[in-house]
Amino acid sequence: MGQFATYFARLCAPLLLAGCLGGDNAPPTPGSRVQPGQSNARFDQFSIANQCFSVATVDNRFLNASDSAYRVDVAPSPFYFKPSRLGQYLLFDSNASFFGLSNSNPFNQAQLVQFLRTGSDFLSGLGDVSEVIEPLKPLSDGVRQAGEALGDAIDQQSAESSSDVTPTPQTEPSFLTVWEIIPASRENSFRFKQVVTQQFLTVQDAELGLVSSEADSSVFVLQPASGCAVFPEAELNARGTPFKGTTSSGEVVGWVDTHIHIGGSEALGGKLAHGRPFHPFGITKALNSCQADHGPQGTLGVLDNLLATGSPVNQHATDGWPTFSYWPNPKSQTHHQTYYMWMKRAWMGGQRIMVNHFVANEVICQVWPLKEHDCDEMESVKLQRQLLLDLEEYVDAQEGGPGKGWFRIVYDSATARGVIADGKLAVVMGIENEKLFNCGEFMGMPECTEQQVLERLDEFYALGIRSVFPLHIFDNAFGGTEISRFTKDAALMQVFNAGNVWETGHPFASTTCEEIDAAEPSTVDSKDYGLFELALLQLMNIPPTPEAVPGRECQRNARGLTKLGDFLIDALAKKGVIVETDHMGALSRKRVLAMMKERGLPVVSGHSGTISAARDSQGIVDLGGLISNLPDKPSPTAVEYIQKLSALYPPGKAPASGFGSDINGIHQQADPRPDASETPLVYPFKSPMGDVVFDRQKTGERVYDLNTDGVAHYGLYPDYIADMMLQPGGKPAVATLFRSAEAYLQLWEKVEKFKQ
């Protein structure tokens, strides 16, 4: 036990009240909501989330469900209130149907009314805008009046048709089955507004209908009930209260994933990968069959087939919920692996920081024929950011109200420290794309200016970006990317080299490793690569060849950081943005390390596969940076990685290392341990803190076991960590992992202090 036991014993002392010792006697979860059946309970439009209620009229009759209709009766009928977002709900009745409006016509009356109402609002707003534009001022009154007249006609039509719109049981959820719950004056009373028609549910002479404005007949009282149908959802299969608080010295505890892609499904045109971290209608829509994206038998999912099986013409099973016969699995890289309940399980296993990088690649997006989003990389970043904001709201809705969720997006280290001390997950937003701020280059000519770099940095900083990759897979206006990993596979090398030609007009320029690896960062300078300089560079440094070629066993990108790259790094430092060094070519990285050393600033290597001098691992540690393991192999490899990294730290300084899962980023996760059948991880197991007990995770009909499934999805990281502890040296390695959240915060604080 040694180092690990001592470390966590110090932590547990101030955390006993928060359930640090775990087990069945752990205190109740903070913020737990009223349970069905409790009397004299008060609840608001948020705390009713994921609970069972009967819906009563003010004269104590009840909404009652049958197979084909709803009626008002003296007998209560239970409804499960599943949030679709804050204050809005799917009402799931006892027959497992959804309370809502029929959508038999693809463009039904309710949708038509909503469409016309949007047009009315647009015309009215256009009238307001045209009034302040002098040439258009004479037209403003007429435009505004047309909009208001259309609005009046819509309201009249809605009122006249409301008695003909009657809620009926729906087999599938849609926006016609979503109801906004609005508090009324009476205790535990609410109004139900249909989100599409914007009309209120009402009861008149025992008949259900919709009206356009609030009325006494539109007030309903919720009463705790039992007997609700089970709403489809992934299980946590974890019990206990996740730890909160800090050590006696004020440090937080937990592990960080420094490289994750929650929005991977939205990247690359939105059709390459399948699945979502959540869906307002639930898991049956978020993790449904991938046939729409990958075709029958997965025949169109050629990238997934290639990466998982080695052949693009292979097939894969497309079924999702509830069977999941093929995906998710460790090798399937274009099926979603970060559903929100799986992430919640990882948080319960000690994760306290998540650095979510918005990822984009214009070339892959353009080449892939199926898409639903624009290929502009920075627009893709904005789309993924909105998904993350929506996810935070969705988690809040599931947990009972604004700010109550365990998933908290943060914009500074102080807020992150407070979130973690409160026992929640701090989520940092970053960018990893090919042309950061749309600054590509073509034949050596940059596609942006210094002024544009500053303007776009300001824009995305205001959007919450706090971590940035200057380089990714292809060269750009800031410098040369890493190519050594491509040269190990001749086919892969040709693919990426062709992509660089597509993006930049030229292939990679390569040179052997010896001279570059021996160079000290202080001796490496930045260079401009105009058309002449680029041509000279290409002539002197041929495109990369497979490592099997004699004399070319190891190759690096001959292109380093550009002068514009220097400008970017300086601008990021002055803005207080964390610089990520992974994916940089060796020359680019050495130049960045030299610049950051001059400023006394740390950097992050967030998903490193190796610890080596060639990757400047020692230099990153010496700067006070953080290096995280890319855990794509079984747990013994992760333990060995942390041991090698720990050797770089000076005596007396405790090492720290996180995970950099790269999940949803077209990268595999860890397979089962080869000897797992002989020495398996035994279920149930306790988290390293001892506060949460985990069993095998179940999603739908599928039960996941690390021993046979590996890290099939993100919810199996607590299992992976428990398996690390079983390996020789595993407990000290996990202690190093659980120091990574504090190490990341200290790094971030240093970066913020330099902000100008």
Side-chain angles (χ1 to χ4, degrees), residues 1-22 26-27 30 240-258 347-355 406 408 410-428 466 576 578 600-604 620-628 642 645-659 686-692 721 725 731-754:
M1 297 292 286
Q3 177 186 1
F4 180 85
T6 302
Y7 179 74
F8 285 112
R10 289 201 305 269
L11 173 70
C12 281
L15 295 182
L16 288 176
L17 294 179
C20 181
L21 297 182
T241 304
F243 63 89
K244 63 169 61 177
T246 64
T247 66
S248 57
S249 60
E251 294 185 350
V252 303
V253 176
W255 58 275
V256 56
D257 188 338
T258 47
W347 160 70
M348 293 185 73
Q351 184 179 13
R352 290 298 178 266
I353 299 180
M354 172 185 289
V355 187
W406 48 269
R408 312 307 311 156
V410 296
Y411 304 95
D412 59 78
S413 62
T415 302
R417 189 173 288 281
V419 163
I420 299 169
D422 195 33
K424 299 182 179 183
L425 178 68
V427 181
V428 183
R466 298 295 182 268
I578 296 169
L601 291 176
V603 296
V604 170
I620 294 172
V621 170
D622 292 345
L623 286 177
L626 181 67
I627 301 177
S628 289
I642 290 176
L645 174 63
S646 298
L648 302 183
Y649 281 76
K653 183 173 177 57
S657 180
F659 283 151
K686 283 189 175 183
S687 65
M689 298 295 290
D691 54 338
V692 179
I721 293 170
M725 293 178 65
K731 292 178 180 178
V734 172
T736 299
L737 179 68
F738 271 66
R739 280 192 291 269
S740 61
E742 176 62 32
Y744 191 90
L745 289 182
Q746 291 183 15
L747 178 152
W748 194 0
E749 289 163 352
K750 292 177 183 177
V751 172
E752 287 176 328
K753 288 180 180 178
F754 193 82

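Index from 1, following the sequence.
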Straight-line distance of Asp691 CG to Lys686 NZ, nearest 0.5 Å: 9.5 Å
Between Glu251 and Thr246, a side-chain donor and acceptor under 3.5 Å: no
Side-chain heavy atoms of Ile721 within contact of Val734, under 4.5 Å: yes
Flag side-chain contact, heavy atom, 4.5 Å: Val253 against Glu742: no
Expected output: side-chain Thr736 to main-chain Pro732 donor-acceptor under 3.5 Å: yes
Qualifying residue for side-chain contact (heavy atoms from CB on, under 4.5 Å) with Pro242, from Arg352, Met689, Lys424: Arg352
Aromatic ring pairing Phe738/Phe243, orientation class (parallel under 30°, perpendicular over 60°, tilted between): tilted
Test item: Val427 and Val410 side chains (from C-beta on) under 4.5 Å apart, heavy atoms: no
Over all atoms of both residues, closest heavy-atom pair of Lys750 and Gly624: NZ-CA, 4.5 Å
Under 3.5 Å donor-acceptor, Arg739 side chain and Pro655 backbone: yes
Ser740 side-chain N/O to Val256 backbone N/O, donor-acceptor pair under 3.5 Å: yes
Expected output: side-chain Thr415 to main-chain Tyr411 donor-acceptor under 3.5 Å: no
Which atom of Ala656 lies closest to which atom of Leu645, heavy atoms considered: O-CD2, 3.9 Å
Sub-4.5 Å side-chain heavy-atom contact between Ile353 and Leu425: no
Side-chain (Trp748) to main-chain (Ala414) donor-acceptor, under 3.5 angstrom: no
